[in-house]
2 protein chains.
Amino acid sequence: MKELKKILEEKKIFPSFHRLKILEYLIKNRTHPTVEEIHRHLSREITTLSKTTVYNTLKLFMDKGIVTELTVEGTESRYDINTKPHAHFKCLKCGKVYDLDMDLSIFNLKEIEGHRIMECHVYFRGICRECLEEGK
Amino acid sequence: MKELKKILEEKKIFPSFHRLKILEYLIKNRTHPTVEEIHRHLSREITTLSKTTVYNTLKLFMDKGIVTELTVEGTESRYDINTKPHAHFKCLKCGKVYDLDMDLSIFNLKEIEGHRIMECHVYFRGICRECLEEGK
DNA sequence: TTCTCTGCAAACGCTTTGCACGGAT
DNA sequence: ATCCGTGCAAAGCGTTTGCAGAGAA
């Protein structure tokens, strides 16, 4: 809990209980959760937690660069703690999103065709190994 | 109009007037339009055109592999005529989406970590050259 | 008739906004 | 008193669904 506090304070975010809990969840569960998932899980412990607060907190974290919003799918937003850039894979059958341990250093570009690059995303879609296994 | 008809018939899609018009728009305006944009533009000519039809048609085109849904942003869907795979760049300031002429052949993979790959998307975000120019 | 293309209107689901309460300084 | 984190409820907005009318085969 001490390290979590530090992370927020370094970004000049007041480390409220809710914010610490949400940050903790994101760090411990690197499963690209939706707002819904974060809220559902933390509600067990913090019964008064509202979705609005989850939304507010994630927006704050995004502004401060602590998390990134994934755009692997259109409908709902998923969030990722900022670590080193990595690719994502989404299963079209079960909907799970996997991290891929790929070398993306070729995309460490500052500029392309005159545009200033600030983020790079790579993702794949298909059928995941678990669903392939089941389908046999 | 003859070639357009051919495209649809090859995919076993009945080439109705509306469908041909939407296809034509997508081919002539490779600007990753939203449903809103397609509808707004074509309504001038086809005053009775409904958004539902645009949605229906795009869904049909997607199922048949004529267009792909971009996921560069979370809120609204943008559509791209299927040509060769290419990267996208979205300007965080003006919101425009550019095509990037990058070699993505390294991502011509059939499988990664046991998952079967069917699609690959690469996109960047930042400030586009036009906005950089203005900011000077 | 039968099939399917079309379109209005309502429903839906995720997200944002407005506003008020409550705790901390 | 002021600031700000929190949360309820309502609004917003893109998308989907239900259903009925129109048109082609």
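In what follows, every chain begins at residue 1, and chains take the letters A, B, ... in the order their sequences are listed. Just the heavy atoms: all of them, side chains too, but no hydrogens, waters or symmetry mates, feed the values below.
Regarding contacts with the backbone of D:dT15, a side-chain N or O of B:Y55 is found under 4.0 angstrom from either OP1 or OP2. Contact between the side-chain N/O atoms of B:T34 and the OP1/OP2 oxygens of D:dG14 is not found at any separation under 4.0 Å.
B:D80 and B:H86 are linked by a side-chain donor-acceptor pair at a separation below 3.5 angstrom, with hydrogens and angles left out of the test.
Here the C1' atom of nucleotide D:dT15 and the CD atom of B:E37 are 16 Å apart, to the nearest Å. Taking atom CZ on B:R40 and atom C1' on D:dG14, their separation rounds to 14 Å, with Å as the unit. A straight line from NZ of A:K21 to C1' of D:dG7 spans 20 Å, rounded to a whole angstrom. The interatomic distance linking A:M62 (CE) with C:dT15 (C1') rounds to 13 Å, in whole Å. Residue A:H39 contributes atom NE2, which lies 8 Å from atom P of D:dC8 at whole-angstrom precision.
Taking the six-membered ring for Trp and the full ring otherwise, the centers of B:H115 and A:F124 sit at least 6.0 Å from each other.
Follow the hydrophobic side-chain contacts under 4.5 Å out from A:I22 and you reach A:I46 in the same cluster. Cluster membership check: A:I27 shares its hydrophobic cluster with A:Y25, using side-chain heavy-atom separations under 4.5 Å among Ile, Leu, Val, Met, Phe, Trp and Tyr.
In plain terms, the two heavy atoms of A:M102 and A:A87 that are nearest each other are SD-CB, 4.0 Å.
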Under 3.5 Å, which protein N or O atoms sit close to an N or O of nucleotides 4-13 of chain C? Give each pair with its distance.
| unit_1 | atom_1 | unit_2 | atom_2 | d |
| --- | --- | --- | --- | --- |
| C:dC5 | OP2 | B:R19 | NH2 | 2.8 |
| C:dC5 | O5' | B:R19 | NH1 | 3.2 |
| C:dC5 | O5' | B:R19 | NH2 | 2.8 |
| C:dT6 | OP1 | B:S16 | OG | 2.7 |
| C:dG7 | OP1 | B:T48 | O | 2.8 |
| C:dG7 | OP1 | B:T48 | OG1 | 3.3 |
| C:dG7 | OP2 | B:S50 | N | 3.3 |
| C:dG7 | OP2 | B:T53 | OG1 | 2.6 |
| C:dC8 | N4 | B:T52 | OG1 | 3.2 |

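The existence of a salt bridge linking B:K21 and B:E24 is confirmed by a sub-4.0 Å separation between a basic side-chain nitrogen and an acidic carboxylate oxygen.
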